[in-house]
Amino acid sequence: MIRSHARRRGLASSLRALAFTATLCLPALALAGEVKFGAAALAVDDEGKLTDAGRSAAKEEIPNASPGEEEWVVHLWAKLDKPAPGGLNVEFYGEHDGKRYLAYRHVEDSFDGAKYISLEIELEGSKGFNKNKTYFVEITQQDDKGRDFKLASGKIKLGWVAAPKPEEGETEGDDKGDGEAQDSAAQDALDTISGGGGGEGGDGANTGAPPPVEPKKKGCSVSPDASDGAIGTLALLVLAGAWRRRRG
């Protein structure tokens with residue numbers, strides 16, 4: 001009986017010791033780091049701590065920097081758990097088929113060991129990032145023995161804004177260009193009929209007037225006035241045809 005009572009007292013003492021140890025560990029768990037993200041720099045106070053305005057501006061999804069471009073500018077703020085001066089790693093992990101993989105690691109070589117940190121990081125599709133996908137973020141350091149330990153963690157989704165579609169005005173501009181091309185073709189026809197356009201390919205002696213018509217020695221003769229009237233009528237017909245094509 002004496003031994004049994006002693007064992008029970010020993011067991012009770014051990015349980016009380018475990019409970020006391022667990023109580024001491026609770027504050028340490030409460031000091032675990034956190035990570036917040038913003039499309040712009042998040043507001044902080046003089047110590048680097050996130051303000052209420054900065055916390056309200058934090059986002060869980062960051063859109064791409066330019067529509068249609070796979071590039072995201074992420075403003076990261078973090079509260080670190082027991083940091084030390086030295087190298088600091090910001091690691092982005094993705095998931096595929098239930099397996100986790102390291103997509104990208106950003107390295108800060110000259111970290112001063114501050115409790116709070118603010119960074120701007122550019123993420124690109126060429127670095128392994130995909131639109132509309134969520135990534136888990138861990139901030140880590142290595143101890144003297146080369147072992148990694150986590151200072152803070154969070155997650156962020158990379159949103160997507162597609163490039164705008166072509167405006168209707170561009171199509172209308174193309175139609176206008178077709179009309180101008182038809183006008184140009186009609187003018188070329190008139191120049192050919194009237195003998196104008198003494199530019200390249202011409203003899204340079206044309207004055208725009210129709211060439212004189214030599215009267216025949218026999219039969220009916222052709223007067224210059226009649227020739228001018230026929231050319232004018234033909235020119236009107238060409239212009240009318242071009243106008244109808246443009247209206248159509």
Hey, are Tyr93 and Glu91 close enough side-chain-wise for a donor-acceptor pair under 3.5 Å? yes

Between Asn64 and Glu69: side-chain donor-acceptor atoms closer than 3.5 Å: no

Give a yes or no on this: more than 12 heavy atoms of other residues, nucleotides or ligands lie within 6.0 Å of atom CD of Glu60. no

Among Phe136, Phe129, Tyr135, ring pair (Phe, Tyr, Trp, His ring centres under 6.0 Å) partner for Phe92: Phe129

Glu138/Lys150 salt bridge by N-O under 4.0 Å criterion: yes

Will you find, in the side chains of Ser126 and Glu124, an N or O donor that is under 3.5 Å from an N or O acceptor? yes

Inspect the contact between Lys127 and Glu70 and indicate whether a charged nitrogen and a carboxylate oxygen are less than 4.0 angstrom apart. no

With no hydrogens and no angle check, is any side-chain donor or acceptor of Gln141 less than 3.5 Å from a backbone partner on Phe149? no

Counting neighbours of NZ on Lys133 that are heavy atoms of other residues, nucleotides or ligands and sit closer than 6.0 Å, is the number greater than 12? yes

Report yes if the side chains of Val73 and Glu120 come closer than 4.5 Å at any heavy-atom pair, otherwise no. yes

More than 12 non-hydrogen atoms from neighbouring residues, nucleotides or ligands closer than 6.0 Å to CG on Asn132, yes or no? yes

Cationic N near anionic O, under 4.0 Å, Arg147 to Asp143: yes

